[in-house]
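First comes the structure, then the notes that go with it.
Residue indices begin at 1 and follow the sequence shown. None of the values given here were measured: they were computed from a predicted structure.
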Amino acid sequence: MRYFSSLFALLFGVCSINAAETPDEIYLLIGQSNMAGRATITPELSGELSGAMLLNAEGKWEAAKNPLNRYSTIRKGLNMQKLGVGYGFAREMIAQRPRITVGLVVNAKGGTKIDLWQEGSKFFNDAVARAKQAVAAGGALKGICWHQGESNADDPDYLKKMTALVIALRKELGDKDLPFVVGETCKAQKERPVNEQLRQLPKTVPHTACVSAEELKAQDGNTHFDTVAQLEIGKRYATEMLKLLK
């Protein structure tokens with residue numbers, strides 16, 4: 001039976017990710033609830049995402065499927081983890097380069113302020129440890145995606161804190177130019193002051209980019225992106241990341 005299964009795969013090009021495979025590129029995805037995922041996972045988004053891998057709790061690669069924040073070391077209850085930025089990001093990265101396998105390290109927690117992510121904190125240390133664990137499991141770390149700001153909506157020092165975080169993560173991960181992409185918070189009902197500071201990051205720190213949340217809807221007013229918006233902002237993250245990689 002095993003012989004015929006292998007022959008079928010060879011003849012018809014059928015392949016699947018198994019535990020022995022490793023991704024070509026690794027991306028660390030961190031932040032608060034929109035990165036963790038709060039949007040509805042519709043049936044067509046519930047299966048494995050071809051070409052994408054997810055770092056599991058044992059530090060091994062497995063086929064990626066929602067919710068992507070399931071193995072976060074800092075997450076809230078599993079039942080709260082739904083569709084986040086990572087799915088649309090990975091899907092677009094793969095669509096633009098079909099022969100590249102993408103590995104995701106998702107370690108987010110809803111409701112967290114950027115202050116909790118500063119150098120030396122548990123969140124910071126866990127993110128670094130998970131990223132290094134991923135590299136040890138196979139693959140090269142290529143970038144970081146950050147989505148946070150709702151809990152710091154009116155923080156006048158956000159850009160200063162964000163700059164320090166980028167520099168510290170790059171130092172700990174051994175790449176002073178590691179691409180770093182951030183995204184605006186939802187603007188469905190009102191613009192938050194933090195978004196202007198997020199937009200200033202590329203002007204302040206080299207090899208960074210900011211993704212627009214223009215025209216994206218929230219499922220609960222002005223905080224959590226709905227399913228369509230999550231897929232779109234994830235795609236925008238991929239677009240900016242690919243520009244930085246070039």
Any side-chain to backbone donor/acceptor pair from Asn56 onto Ala63? Under 3.5 Å, distance only.
no
Is any side-chain N of the basic residue among Arg170 and Asp177 closer than 4.0 Å to the acidic one's carboxylate O?
no
Looking only at non-hydrogen atoms, find the nearest pair between Ser46 and Pro43 and report the distance.
OG-O, 2.6 Å
Is the shortest distance from a Lys or Arg side-chain nitrogen in Arg130 or Glu172 to a carboxylate oxygen in the other one below 4.0 Å?
no
Using 30° and 60° as the class boundaries, would you call the ring planes of Tyr237 and His147 parallel, tilted or perpendicular?
tilted
Taking Gln81 for its side chain and Gly77 for its backbone only, find out whether a donor-acceptor pair lies under 3.5 Å.
yes
Return the set of residues passing salt bridge (charged side-chain N to carboxylate O under 4.0 Å, His left out) with Arg38 (not counting sequence neighbours), or none when no residue passes.
none
Given the rule in the salt bridge (charged side-chain N to carboxylate O under 4.0 Å, His left out) test, do Lys122 and Asp126 qualify, once you have shown the distances and angles that lead to the verdict?
CA-CA 6 Å; Lys122 173 177 171 53; Asp126 280 16; 2.9 Å; yes
Using a strict cut-off of less than 4.0 Å between a Lys/Arg side-chain nitrogen and an Asp/Glu carboxylate oxygen, indicate whether Arg97 and Glu25 qualify as a salt bridge.
yes
Could you tell me which residues satisfy side-chain hydrogen bond (donor to acceptor under 3.5 Å, both in side chains) with Thr185, sequence neighbours excluded, listed by chain and number?
Arg192, Asn195
What orientation do Trp146 and Phe180 show, parallel under 30°, tilted 30 to 60°, or perpendicular over 60°?
tilted
Taken in chain and number order and not counting sequence neighbours, the residues that satisfy side-chain hydrogen bond (donor to acceptor under 3.5 Å, both in side chains) with Lys132 are none
Salt-bridge present (Arg236, Glu232; N to O < 4.0 Å):
yes
